[in-house]
Amino acid sequence: MCLSIPSKVIKVSEDQTMCTVDTLGVQRDANLMMMEEGDVQVGDYVLLHIGFVMNKIDEKEALASIETYKEILEAMDEEERRRAIIDDDNCEKR
Amino acid sequence: MSDLELKNLYDDFRDGKTIKAYAKIINENAKKLKKPINIMEVCGGHTHTIMKYGLPQLLPNNINFIHGPGCPVCIMPKERIDHAYVLAMQEDVILVTLGDMIKVPGSNGSLQDARAKGADVRFVYSPMECLKIASENPTKKVVFFAIGFETTTPMTAVLVEQVIKQKVPNILFHINHVTVPEVMVELIDSRDEHVDSYNNRIDAFLGPSHVSVIAGSKIYEKFPKEYGRPVVVTGFEPVDMMQGISMIVEQFVDERCELEIQYKRVVSREGNLKAQALIDRYFEKVSLFRWRGLGNVPNSGLKLRDEFSEYNAEIVYKDVLPIAEIEDHKLCICGDILRGMAKPQECTIFGTACKPTSPIGSCMVSSEGACSAYYKYGNIL
Ligand code: SF4
(Lines give C-alpha, C1' and ligand atoms only; values in the text may rest on other atoms or scores of the structure.)
Protein backbone atom coordinates (compact mmCIF):
# COMPACT_ATOMS: atom_id res chain seq x y z
CA MET A 1 0.00 0.00 0.00
CA CYS A 2 2.96 2.28 0.38
CA LEU A 3 4.08 2.00 -3.22
CA SER A 4 4.39 5.34 -4.95
CA ILE A 5 4.71 6.13 -8.59
CA PRO A 6 7.28 8.37 -10.28
CA SER A 7 5.61 10.93 -12.53
CA LYS A 8 6.46 14.12 -14.42
CA VAL A 9 4.71 17.39 -13.70
CA ILE A 10 3.15 18.91 -16.82
CA LYS A 11 0.95 21.62 -15.28
CA VAL A 12 0.64 23.44 -12.00
CA SER A 13 -2.67 25.09 -11.06
CA GLU A 14 -2.71 28.83 -10.54
CA ASP A 15 -3.28 28.59 -6.80
CA GLN A 16 -0.50 25.96 -6.65
CA THR A 17 -2.68 23.45 -4.79
CA MET A 18 -2.99 20.97 -7.65
CA CYS A 19 -0.92 19.80 -10.57
CA THR A 20 -1.29 17.53 -13.56
CA VAL A 21 1.25 14.79 -13.92
CA ASP A 22 2.20 12.30 -16.58
CA THR A 23 2.79 8.74 -15.45
CA LEU A 24 4.17 6.97 -18.50
CA GLY A 25 1.52 8.35 -20.81
CA VAL A 26 -1.35 8.47 -18.32
CA GLN A 27 -2.33 11.95 -17.21
CA ARG A 28 -3.91 12.71 -13.88
CA ASP A 29 -4.30 15.36 -11.23
CA ALA A 30 -2.36 15.34 -8.02
CA ASN A 31 -2.68 17.35 -4.84
CA LEU A 32 0.21 19.70 -3.97
CA MET A 33 -0.78 20.62 -0.45
CA MET A 34 1.98 18.54 1.08
CA MET A 35 4.63 20.52 -0.77
CA GLU A 36 5.90 24.02 -0.01
CA GLU A 37 4.43 26.65 -2.32
CA GLY A 38 6.48 27.14 -5.47
CA ASP A 39 8.55 24.04 -4.76
CA VAL A 40 7.07 21.94 -7.56
CA GLN A 41 7.37 23.20 -11.10
CA VAL A 42 6.54 22.00 -14.57
CA GLY A 43 9.17 19.50 -15.69
CA ASP A 44 9.92 18.23 -12.19
CA TYR A 45 9.80 14.55 -11.38
CA VAL A 46 7.70 13.70 -8.37
CA LEU A 47 6.53 10.71 -6.36
CA LEU A 48 2.79 10.22 -6.28
CA HIS A 49 0.94 8.51 -3.47
CA ILE A 50 -2.84 8.23 -2.92
CA GLY A 51 -3.46 11.32 -5.03
CA PHE A 52 -0.75 13.48 -3.48
CA VAL A 53 2.70 14.57 -4.53
CA MET A 54 4.74 13.30 -1.60
CA ASN A 55 8.12 14.60 -2.70
CA LYS A 56 10.28 15.61 -5.63
CA ILE A 57 12.70 13.17 -7.16
CA ASP A 58 16.21 14.56 -7.14
CA GLU A 59 17.28 14.36 -10.76
CA LYS A 60 20.98 14.57 -9.99
CA GLU A 61 20.84 11.72 -7.49
CA ALA A 62 18.78 9.57 -9.86
CA LEU A 63 21.29 10.14 -12.65
CA ALA A 64 24.18 9.45 -10.30
CA SER A 65 22.66 6.06 -9.36
CA ILE A 66 22.09 5.18 -12.99
CA GLU A 67 25.68 6.17 -13.77
CA THR A 68 26.95 3.92 -10.95
CA TYR A 69 24.97 1.00 -12.37
CA LYS A 70 26.44 1.62 -15.82
CA GLU A 71 29.94 1.64 -14.43
CA ILE A 72 29.36 -1.62 -12.57
CA LEU A 73 28.01 -3.27 -15.72
CA GLU A 74 30.94 -2.00 -17.78
CA ALA A 75 33.43 -3.25 -15.21
CA MET A 76 31.78 -6.66 -15.27
CA ASP A 77 31.71 -6.81 -19.05
CA GLU A 78 35.36 -5.93 -19.06
CA GLU A 79 36.12 -8.67 -16.56
CA GLU A 80 34.17 -11.19 -18.59
CA ARG A 81 36.02 -10.22 -21.74
CA ARG A 82 39.31 -10.65 -19.96
CA ARG A 83 38.28 -14.00 -18.59
CA ALA A 84 37.17 -15.13 -22.05
CA ILE A 85 40.58 -14.20 -23.45
CA ILE A 86 42.39 -16.05 -20.65
CA ASP A 87 40.17 -19.10 -21.15
CA ASP A 88 40.86 -18.93 -24.83
CA ASP A 89 44.64 -18.67 -24.24
CA ASN A 90 44.50 -21.71 -22.00
CA CYS A 91 42.39 -23.77 -24.33
CA GLU A 92 44.11 -27.08 -24.87
CA LYS A 93 42.20 -28.06 -27.92
CA ARG A 94 43.88 -25.46 -30.01
CA MET B 1 25.53 12.70 -18.61
CA SER B 2 22.22 12.75 -20.41
CA ASP B 3 19.11 14.26 -18.91
CA LEU B 4 16.78 12.11 -16.91
CA GLU B 5 13.67 10.75 -18.59
CA LEU B 6 10.65 9.31 -16.87
CA LYS B 7 11.29 5.91 -18.33
CA ASN B 8 14.77 5.86 -16.74
CA LEU B 9 13.06 5.96 -13.37
CA TYR B 10 11.18 2.80 -14.26
CA ASP B 11 13.50 0.81 -16.53
CA ASP B 12 16.94 1.51 -15.10
CA PHE B 13 15.92 0.52 -11.59
CA ARG B 14 14.44 -2.77 -12.80
CA ASP B 15 17.19 -3.72 -15.20
CA GLY B 16 17.84 -7.48 -15.10
CA LYS B 17 21.55 -7.15 -15.89
CA THR B 18 22.11 -4.69 -13.05
CA ILE B 19 20.24 -6.96 -10.66
CA LYS B 20 22.53 -9.84 -11.65
CA ALA B 21 25.61 -7.66 -11.35
CA TYR B 22 24.67 -6.79 -7.79
CA ALA B 23 23.94 -10.46 -7.09
CA LYS B 24 27.49 -11.21 -8.12
CA ILE B 25 28.95 -8.47 -5.93
CA ILE B 26 26.86 -9.59 -2.96
CA ASN B 27 27.86 -13.24 -3.47
CA GLU B 28 31.55 -12.29 -3.56
CA ASN B 29 31.34 -10.13 -0.45
CA ALA B 30 29.20 -12.62 1.44
CA LYS B 31 32.07 -15.11 1.31
CA LYS B 32 33.91 -12.79 3.70
CA LEU B 33 31.11 -12.79 6.28
CA LYS B 34 32.00 -14.36 9.59
CA LYS B 35 28.44 -15.45 10.30
CA PRO B 36 25.15 -15.45 8.42
CA ILE B 37 23.18 -12.22 8.52
CA ASN B 38 19.44 -11.80 8.85
CA ILE B 39 18.07 -8.69 7.24
CA MET B 40 14.60 -7.47 8.10
CA GLU B 41 12.78 -5.60 5.40
CA VAL B 42 10.40 -3.66 7.59
CA CYS B 43 7.95 -2.76 4.92
CA GLY B 44 5.51 -4.90 2.95
CA GLY B 45 6.44 -3.09 -0.26
CA HIS B 46 9.92 -4.55 0.03
CA THR B 47 8.50 -8.02 0.75
CA HIS B 48 6.49 -7.64 -2.43
CA THR B 49 9.59 -6.85 -4.51
CA ILE B 50 11.51 -9.71 -2.90
CA MET B 51 8.79 -12.14 -3.95
CA LYS B 52 8.03 -10.68 -7.32
CA TYR B 53 11.63 -10.72 -8.48
CA GLY B 54 12.64 -13.90 -6.62
CA LEU B 55 15.55 -12.09 -4.95
CA PRO B 56 16.31 -14.84 -2.37
CA GLN B 57 17.28 -17.16 -5.23
CA LEU B 58 19.93 -14.68 -6.30
CA LEU B 59 21.49 -14.42 -2.86
CA PRO B 60 23.89 -16.74 -1.03
CA ASN B 61 22.68 -18.98 1.80
CA ASN B 62 24.23 -16.84 4.48
CA ILE B 63 21.95 -13.90 3.77
CA ASN B 64 18.40 -14.35 5.00
CA PHE B 65 15.35 -12.15 4.99
CA ILE B 66 13.05 -11.70 7.92
CA HIS B 67 9.81 -10.26 6.66
CA GLY B 68 8.63 -7.29 8.67
CA PRO B 69 5.25 -6.28 10.06
CA GLY B 70 4.13 -5.86 6.47
CA CYS B 71 1.39 -3.44 5.78
CA PRO B 72 -0.86 -1.13 7.76
CA VAL B 73 -3.89 -3.36 7.34
CA CYS B 74 -2.09 -6.51 8.47
CA ILE B 75 -1.22 -5.03 11.80
CA MET B 76 -4.67 -3.67 12.56
CA PRO B 77 -6.10 -5.49 15.58
CA LYS B 78 -9.51 -7.03 15.14
CA GLU B 79 -11.22 -4.63 17.53
CA ARG B 80 -10.38 -1.71 15.26
CA ILE B 81 -11.71 -3.49 12.21
CA ASP B 82 -14.81 -4.14 14.28
CA HIS B 83 -15.01 -0.38 14.82
CA ALA B 84 -15.03 0.14 11.08
CA TYR B 85 -17.69 -2.52 10.71
CA VAL B 86 -19.93 -1.07 13.42
CA LEU B 87 -19.53 2.46 12.05
CA ALA B 88 -20.39 1.25 8.57
CA MET B 89 -23.57 -0.37 9.89
CA GLN B 90 -24.83 2.92 11.35
CA GLU B 91 -27.78 4.22 9.36
CA ASP B 92 -26.44 7.74 9.04
CA VAL B 93 -22.85 6.79 8.18
CA ILE B 94 -20.94 6.45 4.95
CA LEU B 95 -17.70 4.70 5.81
CA VAL B 96 -14.83 5.69 3.55
CA THR B 97 -11.43 4.03 3.53
CA LEU B 98 -8.59 3.01 1.24
CA GLY B 99 -8.99 -0.09 -0.93
CA ASP B 100 -6.53 -2.17 1.07
CA MET B 101 -9.08 -2.52 3.87
CA ILE B 102 -11.71 -4.28 1.83
CA LYS B 103 -11.14 -7.91 2.75
CA VAL B 104 -9.58 -7.73 6.19
CA PRO B 105 -11.73 -9.79 8.54
CA GLY B 106 -12.84 -8.50 11.93
CA SER B 107 -14.86 -10.59 14.34
CA ASN B 108 -18.13 -9.87 12.54
CA GLY B 109 -16.69 -10.03 9.06
CA SER B 110 -14.95 -7.66 6.69
CA LEU B 111 -16.10 -4.34 5.27
CA GLN B 112 -17.00 -6.21 2.12
CA ASP B 113 -19.42 -8.28 4.23
CA ALA B 114 -20.82 -5.10 5.78
CA ARG B 115 -21.46 -3.78 2.32
CA ALA B 116 -23.21 -6.98 1.31
CA LYS B 117 -25.51 -6.38 4.27
CA GLY B 118 -26.43 -2.97 2.93
CA ALA B 119 -23.89 -0.72 4.63
CA ASP B 120 -22.61 2.24 2.63
CA VAL B 121 -18.87 1.53 2.46
CA ARG B 122 -16.73 3.27 -0.13
CA PHE B 123 -13.17 2.46 -1.06
CA VAL B 124 -11.33 5.45 -2.42
CA TYR B 125 -7.99 6.07 -4.08
CA SER B 126 -7.39 9.32 -2.22
CA PRO B 127 -8.69 10.64 1.13
CA MET B 128 -9.62 13.90 -0.60
CA GLU B 129 -12.53 12.11 -2.27
CA CYS B 130 -14.28 12.39 1.10
CA LEU B 131 -14.94 16.07 0.41
CA LYS B 132 -17.00 15.27 -2.67
CA ILE B 133 -18.84 12.39 -1.00
CA ALA B 134 -19.69 14.66 1.96
CA SER B 135 -21.06 17.46 -0.19
CA GLU B 136 -23.16 15.05 -2.24
CA ASN B 137 -24.60 13.46 0.90
CA PRO B 138 -25.36 16.34 3.28
CA THR B 139 -27.71 14.26 5.46
CA LYS B 140 -25.07 11.61 6.13
CA LYS B 141 -21.92 11.55 8.21
CA VAL B 142 -18.87 10.58 6.24
CA VAL B 143 -16.41 8.71 8.47
CA PHE B 144 -12.92 8.42 7.05
CA PHE B 145 -11.29 5.29 8.46
CA ALA B 146 -7.67 6.39 8.16
CA ILE B 147 -4.93 3.78 7.92
CA GLY B 148 -1.25 3.81 7.15
CA PHE B 149 2.25 4.47 8.36
CA GLU B 150 4.03 7.85 8.13
CA THR B 151 3.55 7.61 4.36
CA THR B 152 -0.19 8.29 4.43
CA THR B 153 -0.59 10.21 7.70
CA PRO B 154 0.09 13.66 6.20
CA MET B 155 -2.57 13.07 3.53
CA THR B 156 -5.13 12.50 6.29
CA ALA B 157 -3.82 15.67 7.95
CA VAL B 158 -4.44 17.63 4.74
CA LEU B 159 -8.02 16.36 4.71
CA VAL B 160 -8.51 17.34 8.37
CA GLU B 161 -7.18 20.80 7.54
CA GLN B 162 -9.56 21.19 4.61
CA VAL B 163 -12.54 19.98 6.63
CA ILE B 164 -11.78 22.63 9.23
CA LYS B 165 -10.98 25.42 6.74
CA GLN B 166 -14.00 24.74 4.54
CA LYS B 167 -16.21 24.19 7.60
CA VAL B 168 -17.43 20.84 6.27
CA PRO B 169 -20.08 19.78 8.78
CA ASN B 170 -20.26 16.06 8.05
CA ILE B 171 -16.81 14.49 7.91
CA LEU B 172 -15.41 12.59 10.89
CA PHE B 173 -12.19 10.64 11.35
CA HIS B 174 -11.33 7.27 12.79
CA ILE B 175 -7.55 7.39 13.04
CA ASN B 176 -5.42 4.24 12.84
CA HIS B 177 -2.10 5.73 11.82
CA VAL B 178 0.98 4.02 13.19
CA THR B 179 4.68 4.82 13.18
CA VAL B 180 7.61 2.68 12.09
CA PRO B 181 10.64 3.33 14.39
CA GLU B 182 8.66 2.36 17.50
CA VAL B 183 7.78 -1.04 16.11
CA MET B 184 11.38 -1.59 15.01
CA VAL B 185 12.44 -1.00 18.61
CA GLU B 186 9.72 -3.36 19.79
CA LEU B 187 11.03 -6.09 17.50
CA ILE B 188 14.58 -5.95 18.80
CA ASP B 189 14.24 -4.72 22.34
CA SER B 190 11.20 -6.04 24.09
CA ARG B 191 9.63 -9.15 25.38
CA ASP B 192 7.40 -11.09 23.01
CA GLU B 193 4.23 -11.38 25.10
CA HIS B 194 3.16 -14.38 23.12
CA VAL B 195 6.20 -16.58 23.54
CA ASP B 196 7.64 -14.90 26.61
CA SER B 197 10.99 -14.24 25.01
CA TYR B 198 13.31 -11.32 24.38
CA ASN B 199 14.96 -13.05 21.51
CA ASN B 200 15.17 -11.82 17.99
CA ARG B 201 17.46 -12.65 15.14
CA ILE B 202 17.42 -9.35 13.31
CA ASP B 203 20.97 -8.23 12.42
CA ALA B 204 20.15 -5.29 10.15
CA PHE B 205 17.24 -3.38 8.68
CA LEU B 206 16.36 -2.33 5.17
CA GLY B 207 14.63 0.96 5.99
CA PRO B 208 11.25 1.56 4.33
CA SER B 209 11.23 3.71 1.22
CA HIS B 210 8.27 5.99 1.42
CA VAL B 211 7.89 6.25 5.17
CA SER B 212 11.38 7.74 4.98
CA VAL B 213 10.47 10.13 2.16
CA ILE B 214 8.10 11.78 4.63
CA ALA B 215 9.84 11.26 7.97
CA GLY B 216 13.48 11.50 6.79
CA SER B 217 16.29 9.08 7.55
CA LYS B 218 16.82 10.81 10.91
CA ILE B 219 14.17 8.54 12.50
CA TYR B 220 16.56 5.58 12.26
CA GLU B 221 19.64 7.21 13.76
CA LYS B 222 19.28 5.41 17.07
CA PHE B 223 19.38 1.92 15.53
CA PRO B 224 23.07 1.78 14.66
CA LYS B 225 24.00 3.96 17.65
CA GLU B 226 21.95 2.49 20.48
CA TYR B 227 20.98 -0.95 19.24
CA GLY B 228 23.96 -1.92 17.09
CA ARG B 229 21.82 -2.58 14.02
CA PRO B 230 22.79 -1.04 10.68
CA VAL B 231 19.98 0.52 8.64
CA VAL B 232 20.06 1.17 4.91
CA VAL B 233 17.06 3.17 3.67
CA THR B 234 16.28 1.51 0.38
CA GLY B 235 13.95 2.10 -2.58
CA PHE B 236 11.29 -0.31 -3.78
CA GLU B 237 12.65 -1.23 -7.18
CA PRO B 238 14.61 -4.48 -7.44
CA VAL B 239 17.87 -2.74 -8.35
CA ASP B 240 17.39 -0.46 -5.35
CA MET B 241 16.93 -3.46 -3.12
CA MET B 242 19.95 -5.34 -4.45
CA GLN B 243 22.07 -2.25 -3.95
CA GLY B 244 20.65 -1.78 -0.44
CA ILE B 245 21.41 -5.40 0.47
CA SER B 246 24.89 -5.01 -0.98
CA MET B 247 25.45 -1.93 1.20
CA ILE B 248 24.40 -3.87 4.30
CA VAL B 249 26.73 -6.77 3.45
CA GLU B 250 29.58 -4.32 2.90
CA GLN B 251 28.97 -2.81 6.33
CA PHE B 252 29.31 -6.26 7.92
CA VAL B 253 32.42 -7.08 5.91
CA ASP B 254 34.01 -3.76 6.90
CA GLU B 255 32.74 -4.14 10.47
CA ARG B 256 30.86 -0.86 10.26
CA CYS B 257 27.45 -0.18 11.80
CA GLU B 258 25.86 2.86 10.20
CA LEU B 259 22.76 4.49 8.85
CA GLU B 260 23.02 4.86 5.08
CA ILE B 261 20.62 5.97 2.37
CA GLN B 262 20.51 4.02 -0.86
CA TYR B 263 17.33 5.79 -1.97
CA LYS B 264 18.96 9.20 -2.21
CA ARG B 265 16.87 10.32 -5.14
CA VAL B 266 13.94 10.98 -2.76
CA VAL B 267 15.06 10.47 0.82
CA SER B 268 16.98 13.07 2.79
CA ARG B 269 17.93 13.19 6.43
CA GLU B 270 15.19 15.71 7.17
CA GLY B 271 12.38 14.33 5.00
CA ASN B 272 9.35 16.36 3.94
CA LEU B 273 9.17 19.06 6.60
CA LYS B 274 5.83 20.44 5.51
CA ALA B 275 4.28 16.98 5.78
CA GLN B 276 5.82 16.52 9.22
CA ALA B 277 4.42 19.87 10.35
CA LEU B 278 0.95 18.86 9.13
CA ILE B 279 1.12 15.60 11.09
CA ASP B 280 2.25 17.47 14.16
CA ARG B 281 -0.48 20.09 13.90
CA TYR B 282 -3.37 17.61 13.89
CA PHE B 283 -2.10 14.45 15.55
CA GLU B 284 -0.48 13.37 18.77
CA LYS B 285 0.96 10.10 19.98
CA VAL B 286 -1.11 7.57 21.85
CA SER B 287 0.76 5.86 24.65
CA LEU B 288 -0.01 2.37 23.34
CA PHE B 289 -1.26 0.97 20.07
CA ARG B 290 -2.04 -2.71 19.86
CA TRP B 291 -0.51 -4.30 16.80
CA ARG B 292 -2.05 -7.47 15.52
CA GLY B 293 0.56 -10.19 15.97
CA LEU B 294 2.81 -8.11 18.20
CA GLY B 295 0.64 -6.78 20.98
CA ASN B 296 1.01 -3.39 22.62
CA VAL B 297 3.73 -1.19 21.19
CA PRO B 298 4.45 1.97 23.20
CA ASN B 299 4.06 5.31 21.40
CA SER B 300 3.44 3.68 18.05
CA GLY B 301 0.01 5.08 17.26
CA LEU B 302 -1.45 8.50 16.52
CA LYS B 303 -4.76 10.13 17.34
CA LEU B 304 -6.39 13.45 16.58
CA ARG B 305 -5.31 16.11 19.04
CA ASP B 306 -7.89 16.77 21.75
CA GLU B 307 -8.73 20.20 20.37
CA PHE B 308 -10.13 18.45 17.27
CA SER B 309 -12.26 15.96 19.25
CA GLU B 310 -15.44 17.07 17.51
CA TYR B 311 -14.06 15.42 14.37
CA ASN B 312 -13.07 12.24 16.17
CA ALA B 313 -15.46 9.40 15.27
CA GLU B 314 -14.16 7.34 18.19
CA ILE B 315 -15.50 10.01 20.54
CA VAL B 316 -18.65 10.94 18.62
CA TYR B 317 -19.70 7.29 18.29
CA LYS B 318 -18.24 6.04 21.56
CA ASP B 319 -21.57 4.64 22.73
CA VAL B 320 -21.78 2.14 19.90
CA LEU B 321 -18.11 1.20 19.45
CA PRO B 322 -16.96 -2.01 21.15
CA ILE B 323 -14.13 -1.56 23.62
CA ALA B 324 -13.02 -5.11 24.36
CA GLU B 325 -9.65 -6.12 22.96
CA ILE B 326 -9.68 -9.25 20.86
CA GLU B 327 -6.73 -11.54 21.34
CA ASP B 328 -4.91 -13.19 18.48
CA HIS B 329 -5.54 -16.86 17.97
CA LYS B 330 -3.64 -18.92 20.55
CA LEU B 331 -1.85 -20.99 17.93
CA CYS B 332 -0.73 -18.01 15.85
CA ILE B 333 3.03 -17.45 16.05
CA CYS B 334 3.23 -14.21 14.05
CA GLY B 335 5.13 -12.51 16.88
CA ASP B 336 7.87 -15.12 16.57
CA ILE B 337 7.91 -14.97 12.80
CA LEU B 338 8.35 -11.21 12.90
CA ARG B 339 11.30 -11.56 15.24
CA GLY B 340 12.91 -14.07 12.92
CA MET B 341 12.58 -16.86 15.48
CA ALA B 342 10.23 -19.05 13.45
CA LYS B 343 9.21 -19.69 9.88
CA PRO B 344 5.55 -19.78 8.85
CA GLN B 345 5.57 -23.57 8.27
CA GLU B 346 6.29 -24.01 11.97
CA CYS B 347 2.83 -22.72 12.76
CA THR B 348 0.57 -25.71 13.32
CA ILE B 349 -2.36 -24.21 11.45
CA PHE B 350 -0.37 -22.77 8.53
CA GLY B 351 -2.07 -23.65 5.25
CA THR B 352 -4.86 -25.56 7.00
CA ALA B 353 -7.02 -23.43 9.28
CA CYS B 354 -5.07 -20.33 8.27
CA LYS B 355 -4.96 -19.50 4.56
CA PRO B 356 -5.07 -16.27 2.55
CA THR B 357 -8.80 -16.82 1.94
CA SER B 358 -9.47 -17.31 5.64
CA PRO B 359 -6.59 -15.61 7.48
CA ILE B 360 -6.30 -16.13 11.21
CA GLY B 361 -3.19 -14.12 12.00
CA SER B 362 -1.75 -10.85 10.77
CA CYS B 363 0.99 -12.43 8.62
CA MET B 364 -1.66 -14.06 6.45
CA VAL B 365 -3.94 -11.06 6.04
CA SER B 366 -2.41 -9.37 3.05
CA SER B 367 -0.22 -10.63 0.25
CA GLU B 368 2.59 -8.63 1.83
CA GLY B 369 2.62 -10.70 5.02
CA ALA B 370 5.20 -13.46 5.58
CA CYS B 371 2.74 -16.35 5.94
CA SER B 372 0.79 -15.38 2.90
CA ALA B 373 4.01 -15.04 0.90
CA TYR B 374 5.12 -18.52 1.99
CA TYR B 375 1.72 -19.91 1.15
CA LYS B 376 1.91 -18.47 -2.33
CA TYR B 377 5.56 -18.96 -3.14
CA GLY B 378 6.32 -22.12 -1.17
CA ASN B 379 9.92 -22.64 -0.28
CA ILE B 380 11.63 -20.07 -2.43
CA LEU B 381 11.77 -17.53 0.38
S1 SF4 C 1 -0.11 -19.25 9.53
FE2 SF4 C 1 -1.71 -17.89 10.27
S3 SF4 C 1 -1.98 -18.40 12.40
FE4 SF4 C 1 -0.04 -19.27 11.76
S5 SF4 C 1 1.49 -17.72 12.26
FE6 SF4 C 1 0.87 -17.36 10.16
S7 SF4 C 1 -0.79 -15.88 10.32
FE8 SF4 C 1 -0.51 -16.73 12.37
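Just so it is clear: chains get the letters A, B, ... in the order the sequence lines come, proteins before strands, and each one is counted from 1.
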Quiz prompt | Residue B:K24 excluded, over 12 heavy atoms near NZ under 6.0 Å | solution =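 Counting other residues, nucleotides and ligands, NZ of B:K24 exceeds 12 neighbours.
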
Quiz item: Quick check: are there more than 12 heavy atoms from other residues, nucleotides or ligands sitting under 6.0 Å from NZ of B:K218?
Solution: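 Counting other residues, nucleotides and ligands, NZ of B:K218 exceeds 12 neighbours.
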
Pick one of side chain, backbone, both or neither for [X], based on which atoms fall under 4.5 Å of a heavy atom in chain A.
X      : answer
B:V266 : both
B:L6   : both
B:E129 : neither
B:E161 : neither

Practice problem: Measure distances from A:M76 to the heavy atoms of chain B and classify the residue's part below 4.5 Å as side chain, backbone, both or neither. | Solution: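 The side chain, not the backbone.
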
Quiz item: Taking the side chain as C-beta and beyond, is there a heavy-atom pair between B:T18 and A:I72 under 4.5 Å?
Solution: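 With C-beta onward as the side chain, the pair stays apart.
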
Practice problem: Find the distance between CZ (B:R265) and OG (A:S65) and round it off to the nearest 0.5 Å. | Solution: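 Going from the CZ atom of B:R265 to the OG atom of A:S65 covers 6.0 Å.
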
Quiz prompt | Interatomic distance, A:L48 atom CG to B:S126 atom OG [nearest 0.5 angstrom] | solution =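 Those atoms lie 9.5 Å apart.
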
Quiz item: What residues form a salt bridge (charged side-chain N to carboxylate O under 4.0 Å, His left out) with A:D39, not counting sequence neighbours?
Solution: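 Residues passing salt bridge (charged side-chain N to carboxylate O under 4.0 Å, His left out) with A:D39: A:K56.
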
Quiz item: Between B:Q243, B:K20, B:K7, which shows the greatest number of heavy-atom pairs under 4.5 Å with chain A?
Solution: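 The candidate making the most pairs under 4.5 Å is B:Q243.
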
Quiz prompt | chain A contacts, top residue of B:Q162, B:Q262, B:M155 (heavy-atom pairs, under 4.5 Å) | solution =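 Maximum pair count with chain A is reached by B:M155.
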
[X] and [Y]: which non-hydrogen atoms are nearest, and at how many Å?
X      : Y      : answer
B:F13  : A:A62  : CZ-O, 4.1 Å
B:L278 : A:M33  : CD1-O, 4.0 Å
B:Y10  : A:P6   : OH-O, 2.8 Å
A:Y69  : B:D12  : CD1-O, 4.2 Å
A:M34  : B:V158 : CG-CG2, 4.2 Å
A:I50  : B:Y125 : CB-O, 3.3 Å

Quiz item: A:L24, A:V46, A:T23, A:L73: which one forms the most heavy-atom pairs within less than 4.5 Å of chain B?
Solution: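 Top option by heavy-atom pairs under 4.5 Å: A:L24.
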
Practice problem: Please lay out, stage by stage, how A:E61 and B:Y263 fare under the test side chain to side chain donor-acceptor pair (under 3.5 Å). | Solution: CA-CA 9 Å; A:E61 290 289 354; B:Y263 197 35; over 6 Å; no

For the side chain of [X] and the backbone of [Y], is there at least one donor-acceptor N/O pair under 3.5 Å apart?
X     : Y      : value
A:Y45 : B:L4   : yes
A:N55 : B:I214 : no
A:N31 : B:M128 : no

Quiz prompt | CA sep, side-chain torsions, deciding dist, call: A:M54, B:H210, side chain to side chain contact (heavy atoms under 4.5 Å, CB included) | solution = CA-CA 9 Å; A:M54 67 189 302; B:H210 295 137; 3.9 Å; yes

